[in-house]
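Just follow the structure's listing: the first ligand is 1, and inside any ligand the first atom is 1. Numbers for residues simply follow the sequence, beginning at 1.
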Amino acid sequence: VATTRFQGENPELDGLYGDLAEADLQPLWLQERLLTAAPPQRSVPFCWKAKDVYPLAERARRLVPIERGGDRRVLMFSNPGMGGWCMATSTMSAAIQILGPGEIAPAHRHTAAAIRFILEGSGAVTLVDGDAIPMIPGDLVLTPNWTWHEHHNPTDERVLWLDVLDLALVIWLDAMFFEPGPDAPDPGPSPSGSTSERRFGRSGIVPVSGAGGGAYSPLFVYRWSDVDAVLDDILGGIAAHHASVRYSDPVRGGDVMPTLRCEAHRLRPGGAADFGRATGSAMWTVFTGEGVASVGDSTFEVEPGDTYVVPSWCPHRLETAAGADLFTVGDAPTFEALGLMRRRPPDAGERSER
Ligand SMILES: [Fe+2]
């Protein structure tokens, strides 16, 4: 890329710029948007509405067989700030995936880690490294880095969920690997629960030996009924309008995966929460209720199934008249691991907490 090669005032300097460009060098003193006072956001605040996306997913279900979609029938959220790249933020992809009755999305694995948050339809099954996990709305399912995963819908209804992957990050890092898997026998009707839940899903008790202790949570599913009970209990004991929980690795503690952080938030009717701003990006999905989200200079009226993006360093505030439950997934663990996490609480002026 040639920089400003010809200033027109000093032929010798023009010659230097020309020779620099020929040598694939660029002078730092002419670069812009490198050492900025605050991060220039690549992605922009945006909201994908369920009332727009679900009908399009349904049309895709009727028109596009699974195999035409590269193993998955997925509508990817393409953030308008990302220049046409099918990424929701500068580190993450997000999408709505739909499976019709009897359909199977075949096994594969990849180095990008994924989460699913179930939005519609009960009784589909995701197999993670062969462990069959039945899914119902509100559940969080993990398919960590390089785990085999496939999706089966043995029900007679469509199922629909939110997918979020650390895909943009993995691609930026030149670390993407993908491998198709063997065809697996249909697991049949949903089992009562997965091995991962039976071993790691009981609060405060984990096996002394065996799986776990690795880079990601050995518990591959977190049930909404558990999240709901904890949120309820927290709000029952305080006068605040907002309660939140973080999904954590039952063995190591900490986030469920090294690159993604998942939380659930509940606002009482008439409640509000001001999150200030932080580096890193996040996707927010409304599970129940309604609200108004302010992200930077944008305002979104949100309903169940709507997903909006909070880009890095954008102020974020949420309020609700009727009350709301939201699920959120963000890239905070990556920023914390790299020493790049910076937070500014609301009303903190220019002071940042590091
Ligand atoms: Fe996948």
Side-chain angles (χ1 to χ4, degrees), residues 48 53 57 60-61 64-78 85-89 91-100 103-121 124-135 139-154 158-187 194 196 214-222 247 255-262 283 285 307 327 329-331 334:
W48 290 267
V53 177
R61 181 178 81 79
V64 185
I66 295 282
E67 60 270 21
R68 290 277 301 277
D71 286 358
R72 301 290 185 267
R73 189 189 295 107
V74 163
L75 300 183
M76 300 185 75
F77 294 167
S78 183
W85 199 27
C86 54
M87 295 295 154
T89 83
T91 61
M92 296 184 292
S93 64
I96 289 292
Q97 181 163 171
I98 186 168
L99 264 188
E103 286 188 323
I104 294 175
H108 67 209
R109 62 179 176 175
H110 37 71
T111 44
I115 65 93
R116 336 265 162 208
F117 184 76
I118 317 306
L119 291 167
E120 185 185 299
V125 177
T126 284
L127 277 78
V128 185
D129 279 342
D131 192 14
I133 298 167
M135 307 186 291
D139 289 349
L140 168 67
V141 175
L142 311 182
T143 61
N145 177 340
W146 210 236
T147 52
W148 293 107
H149 54 281
E150 59 193 275
H151 312 293
H152 298 239
N153 180 7
R158 73 178 192 185
V159 293
L160 201 141
W161 62 77
L162 174 78
D163 283 324
V164 178
L165 286 77
D166 55 10
L167 186 57
L169 176 70
V170 172
I171 290 173
W172 278 121
L173 294 175
D174 293 338
M176 187 65 203
F177 292 89
F178 175 92
E179 187 178 351
D183 288 335
D186 192 303
S194 64
S196 117
Y216 52 76
S217 169
L219 179 60
F220 295 142
V221 60
Y222 297 75
Y247 301 80
D255 290 295
V256 292
M257 295 194 282
T259 52
L260 297 174
R261 171 167 297 166
C262 299
M283 308 301 298
T285 296
T307 296
F327 168 78
V329 51
D331 54 17
T334 300

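- Classification of the His108-Phe178 ring pair by plane angle, with boundaries at 30° and 60°, yields perpendicular.
- Electrostatic pairing of Arg61 and Glu103 does not count as a salt bridge here, judged by no charged N lying under 4.0 Å from a carboxylate O.
- Shown are the protein N/O/S atoms under 2.8 Å from the Fe ion (ligand 1), given by residue and atom: His108 NE2, His110 NE2, His149 NE2.
- Between Tyr247 and the options Phe220, Phe117, Tyr222, Tyr216, a ring-ring contact (aromatic ring centres under 6.0 Å, His included) holds for only Tyr222.
- Arg73 places a side-chain N or O within donor-acceptor distance of the main-chain N or O of Ile98, the cut-off being under 3.5 Å.
- Annotation: salt bridge (Lys or Arg N to Asp or Glu O under 4.0 Å) contacts of Asp331 (sequence neighbours excluded): none.
- Shown here for Met76 and Ala95, the closest heavy-atom pair between the two residues is CA-CB, 3.8 Å.
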